[in-house]
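All of these numbers come straight from a predicted model, not from anything done at the bench.
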Amino acid sequence: MDRRDLLRAAVAAPAAGLAVPLTAATGAEAATTAGSRDIDAESPRFAIAVLPDTQYLFDADSADPAPLRETFRYLLQQRSDTNIVFMTHLGDVTEHGTAQELSLAGRTFRDIDGRVPYSVLAGNHDIPGGTDQRGRTPYLDVFGPDRFSRTPTFLEATADGYNSAHLVRAGGRQWLILALDWRISDSGLAWAQGVIDRHARIPVIVTTHDLAYADDAGRAYLSGHGTRLWDRLINRNDQIFLTLNGHYWPPGRATMRNAAGHDVHVHIANYQDRYYGGAGMIRLYHFDLARNVIDVETFAPWFLARDPRRRTPLEAETIELTGDVDRFSVDIDFDARFAGFAPPVLPAPRPAAQVVDRHTTAYWRFDSAGQAVTDGATVRDLTGHGNDLVVRRLANSNADTLRLSPEHHAGAPAHASLYFDGGKSPDRGAILQTGPDAAINSEKFLNGYTIETFVKLPEPFTGDHAWMGILSWEGRSGDAGKKSGYSPLEPTCSLNLSPERFLQYVVYSEIGDVNPTSWSHALPIGRWMHVAIVNDGRHTAVWVDGSRIARNPAREARGIATLGRPFTIGATSWDLAYGQGFYGWIGDTRITGRPLDPARFLPAGHF
């Protein structure tokens with residue numbers, strides 16, 4: 001680019017401030033994974049490579065494609081380990097757009113043809129002025145649709161050939177990448193809108209050459225052309241969540257709000273002003289759908305491949321860029337951001353018959369027709385074994401201390417839960433207890449067992465909260481003759497939460513005087529978790545979201561020292577003396593009289 005382009009841009013207006021299984025690709029989706037054996041299209045972690053202006057590497061008789069060849073070599077070497085699903089070039093491939101320069105660039109790109117799917121768009125140095133109706137050019141001869149038509153990710157292009165659309169499968173879903181000419185025409189915009197309309201449930205990344213520029217602090221602003229593109233396409237299409245452009249330096253970024261009130265991340269990447277014209281520097285956008293984040297890094301593989309002892313000072317300082325516009329993370333709740341056009345498809349409720357078998361001791365859920373949670377109301381044990389629960393509020397509690405809630409874990413059989421507003425100052429809470437004659441009160445589980453429940457802690461986790469119980473058998477360890485524990489008042493079996501949100505499972509074994517205790521990490525707030533306790537007849541392990549926690553004891557625990565006292569959800573007798581009633585949501589709860597294979601807990605919460 002010319003520096004005067006940046007000065008012209010200064011007059012532009014500033015920008016405004018899985019738990020469920022993934023389905024395999026089928027039909028049209030399968031086309032985007034064909035020939036992609038080096039990547040995992042279903043993994044929640046993948047990367048998109050971004051290659052900005054390479055024009056100084058293809059500049060008449062001073063051209064040097066070696067840095068770009070090294071970048072391509074890096075992408076091929078790292079594609080599988082990093083799960084690089086696509087690469088996009090942001091324009092200004094060459095300096096003058098001559099047939100000679102473009103031919104050399106085209107030969108260089110052969111290194112990745114058929115090996116890494118990619119897009120290339122035209123920059124102002126690649127083609128003469130005007131819009132994408134400019135007709136045939138050397139650029140189009142080399143990087144026109146014919147080059148990409150056999151690529152599995154290629155979707156379509158405009159009739160003029162300067163704009164293209166690419167459909168990429170990654171993270172168990174499809175992503176639409178638009179590669180738009182640097183001066184797209186009205187007909188080109190109409191085409192882009194049509195592509196988006198025909199793929200109305202797919203998130204979109206817009207790549208173009210000229211969209212935004214940045215000040216020296218890295219704050220991005222729409223350019224004149226970018227304002228037109230924003231007004232005519234980006235702002236009105238909620239599917240567009242990320243835009244990438246080159247052309248201007250320095251790099252920068254901004255977060256804008258579209259007409260739907262949602263964030264659009266506007267990023268500029270251009271390093272032609274750096275040593276050796278940027279040396280084929282690339283960005284990797286690491287998408288992590290499990291963590292709801294995109295981690296971005298910028299580096300030069302050409303310098304990375306050099307012997308560190310032989311790197312010059314300029315090479316060493318350019319090998320990786322770590323400023324906050326070059327290496328950063330973008331937090332995106334992908335499900336929430338895409339919900340307006342692609343709401344998550346949640347499993348339908350499953351009837352009790354699908355989650356109950358002959359080994360199930362008890363199963364409680366809260367979606368039965370006419371279910372009440374007033375004091376004295378009954379929640380039935382759906383195994384038919386008679387382990388029904390009766391609702392009771394504790395002192396200082398009111399109707400709102402326990403409520404039915406439509407909130408539920410995505411993998412839970414029932415689409416309902418109970419919300420407990422237990423707390424201190426004053427002490428309050430609610431419990432659900434089995435009756436005095438329930439069989440589960442005296443069940444010893446000598447051959448092993450599995451206890452499963454769904455739990456969600458409020459966000460923010462506010463108030464004065466002490467120890468609180470999730471479920472327990474109410475018999476005291478001292479009454480069972482156990483002397484090894486912390487206190488004779490401690491229940492013989494309980495699942496609890498510490499004030500620091502550490503999950504605790506403590507059990508007094510029926511055989512022997514032992515009380516092995518498991519401890520988890522600090523549980524997150526604001527999201528559902530599936531908690532499973534598995535005892536194989538000798539040892540106990542606790543699993544959270546399908547992952548075995550670290551602090552599971554090696555001591556044997558043969559059975560549970562139950563004493564005929566009620567099984568309770570929502571608190572324990574220990575809480576009533578030292579802590580509080582539960583604060584948060586509890587969903588489906590199931591107890592099985594045998595150890596279950598932990599593989600059944602994946603996807604987390606599926607039982």
Visitor: Dump the intermediate steps for side chain to side chain contact (heavy atoms under 4.5 Å, CB included) on Arg337 and Val264, then the final yes or no.
Guide: CA-CA 10 Å; Arg337 175 60 182 84; Val264 178; 4.2 Å; yes

Visitor: May I ask you to check whether His530 and Phe601 place their ring centers less than 6.0 Å from one another?
Guide: yes

Visitor: Is there a donor-acceptor contact under 3.5 Å linking the side chains of Ser187 and Ser185?
Guide: yes

Visitor: Give a yes or no on whether the backbone of Leu189 and the side-chain of Gln193 come within a donor-acceptor separation of less than 3.5 Å.
Guide: no

Visitor: Would you confirm whether Asn163, through its side chain, and Ala157, through its main-chain N or O, come within 3.5 Å as a donor-acceptor pair?
Guide: no

Visitor: Would a distance-only check, ignoring hydrogens and angles, find a side-chain to backbone donor-acceptor pair under 3.5 Å from Asp38 to Arg79?
Guide: no

Visitor: Taking 4.0 angstrom as the limit, do Arg253 and Asp324 come out as a salt bridge?
Guide: no

Visitor: Starting at CG of Leu211, measure out to OG of Ser223 and round the result to the nearest 0.5 Å.
Guide: 6.0 Å

Visitor: Which value, rounded to the nearest 0.5 Å, describes the distance between Thr255 atom OG1 and Phe241 atom CZ?
Guide: 12.5 Å

Visitor: What distance do Thr208 atom OG1 and Trp182 atom CH2 have between them, rounded to the nearest 0.5 Å?
Guide: 10.0 Å

Visitor: Looking just at side-chain N and O atoms, do Asp59 and Gln55 make a donor-acceptor pair shorter than 3.5 Å?
Guide: no

Visitor: Scan side-chain atoms only and decide if Thr298 and Arg283 contain a donor-acceptor pair under the 3.5 Å cut-off.
Guide: yes

Visitor: Ignoring hydrogens and angles, tell me if any N or O in the side chain of Arg350 forms a donor-acceptor pair with the backbone of Gly411 under 3.5 Å.
Guide: yes

Visitor: Going by atom types only, do Asp295 and Ser329 share a side-chain donor-acceptor pair under 3.5 Å?
Guide: yes

Visitor: Taking atom types as modelled, is there a side-chain donor on Asp53 or Tyr271 under 3.5 Å from an acceptor on the other?
Guide: no

Visitor: Tell me which pairs pass ring-ring contact (aromatic ring centres under 6.0 Å, His included) where either residue lies in residues 302-321, with sequence neighbours left out.
Guide: Tyr275-Phe303, Tyr276-Trp302

Visitor: Relative to Phe287, does Arg45 satisfy both conditions: NZ or CZ under 6.0 angstrom from the six-membered ring centre, and within 45 degrees of the ring's axis?
Guide: no

Visitor: Between Gln239 and Asn237, do the side chains contain an N or O donor and an N or O acceptor separated by less than 3.5 Å?
Guide: no

Visitor: Between the side chains of Tyr118 and Thr151, does any donor sit under 3.5 Å from an acceptor?
Guide: no

Visitor: Taking all non-hydrogen atoms of both residues, which atom of Phe109 and which atom of Phe143 are closest, and how far apart?
Guide: CD1-CZ, 3.8 Å

Visitor: Working to the nearest 0.5 Å, report the span between OH of Tyr221 and CG of Asp215.
Guide: 4.0 Å

Visitor: Do Phe328 and His267 make the cut of ring centroids closer than 6.0 angstrom?
Guide: yes

Visitor: Are a donor atom and an acceptor atom from the side chains of His166 and Ser164 found within less than 3.5 Å of each other?
Guide: yes

Visitor: Does any donor atom in the side chain of Ser119 or Thr88 lie under 3.5 Å from an acceptor atom in the other side chain?
Guide: yes

Visitor: Quiz question: by atom type and distance under 3.5 Å, do the side chains of Asp545 and Ser547 form a donor-acceptor pair?
Guide: no

Visitor: Have a look at Ile177 and tell me which of Leu242, Leu244, Ile48, Leu167 forms a side chain to side chain contact (heavy atoms under 4.5 Å, CB included) with it.
Guide: Ile48

Visitor: Taking atom types as modelled, is there a side-chain donor on His209 or Asn124 under 3.5 Å from an acceptor on the other?
Guide: yes

Visitor: So among Arg309, Arg306, Arg274, which one has a salt bridge (Lys or Arg N to Asp or Glu O under 4.0 Å) with Glu315?
Guide: Arg306

Visitor: Indicate yes or no for a side-chain donor-acceptor contact from Glu407 to the backbone of Lys456 under 3.5 Å, with no hydrogens or angles considered.
Guide: no

Visitor: Please list all pairs passing the salt bridge (charged side-chain N to carboxylate O under 4.0 Å, His left out) test where one or both residues lie in residues 121-135, with sequence neighbours left out.
Guide: Arg134-Asp181

Visitor: In Å and rounded to the nearest 0.5 Å, what is the CE to CG distance from Met281 to Leu304?
Guide: 10.5 Å

Visitor: What distance do Trp230 atom CH2 and His225 atom NE2 have between them, rounded to the nearest 0.5 Å?
Guide: 14.5 Å

Visitor: Quick one: do Asp141 and Arg136 satisfy salt bridge (Lys or Arg N to Asp or Glu O under 4.0 Å)? Show the steps, please.
Guide: CA-CA 8 Å; Asp141 292 336; Arg136 204 76 190 175; 2.8 Å; yes

Visitor: Answer yes if the ring centres of Phe46 and Trp175 are under 6.0 angstrom apart, and no otherwise.
Guide: yes

Visitor: Strictly by modelled atom types, are Thr54 and His89 linked by a side-chain donor-acceptor pair under 3.5 Å?
Guide: yes

Visitor: Before giving the answer on side chain to side chain contact (heavy atoms under 4.5 Å, CB included), spell out for Asp331 and Val293 the whole-Å C-alpha distance, their side-chain angles and the decisive distance to 0.1 Å.
Guide: CA-CA 4 Å; Asp331 293 323; Val293 70; 3.5 Å; yes

Visitor: Quick one: do His247 and Leu90 satisfy side chain to side chain contact (heavy atoms under 4.5 Å, CB included)? Show the steps, please.
Guide: CA-CA 8 Å; His247 189 53; Leu90 299 181; over 6 Å; no

Visitor: Do you see a donor-acceptor pair shorter than 3.5 Å between the side chains of Asn258 and Asp238?
Guide: yes

Visitor: Go through the steps to decide whether Arg169 and Glu42 satisfy the test salt bridge (Lys or Arg N to Asp or Glu O under 4.0 Å), and finish with yes or no.
Guide: CA-CA 8 Å; Arg169 184 166 182 87; Glu42 306 307 309; 3.0 Å; yes

Visitor: Between Phe58 and His96, does the ring centroid distance fall short of 6.0 Å?
Guide: no

Visitor: Taking atom types as modelled, is there a side-chain donor on Asp210 or Tyr248 under 3.5 Å from an acceptor on the other?
Guide: yes

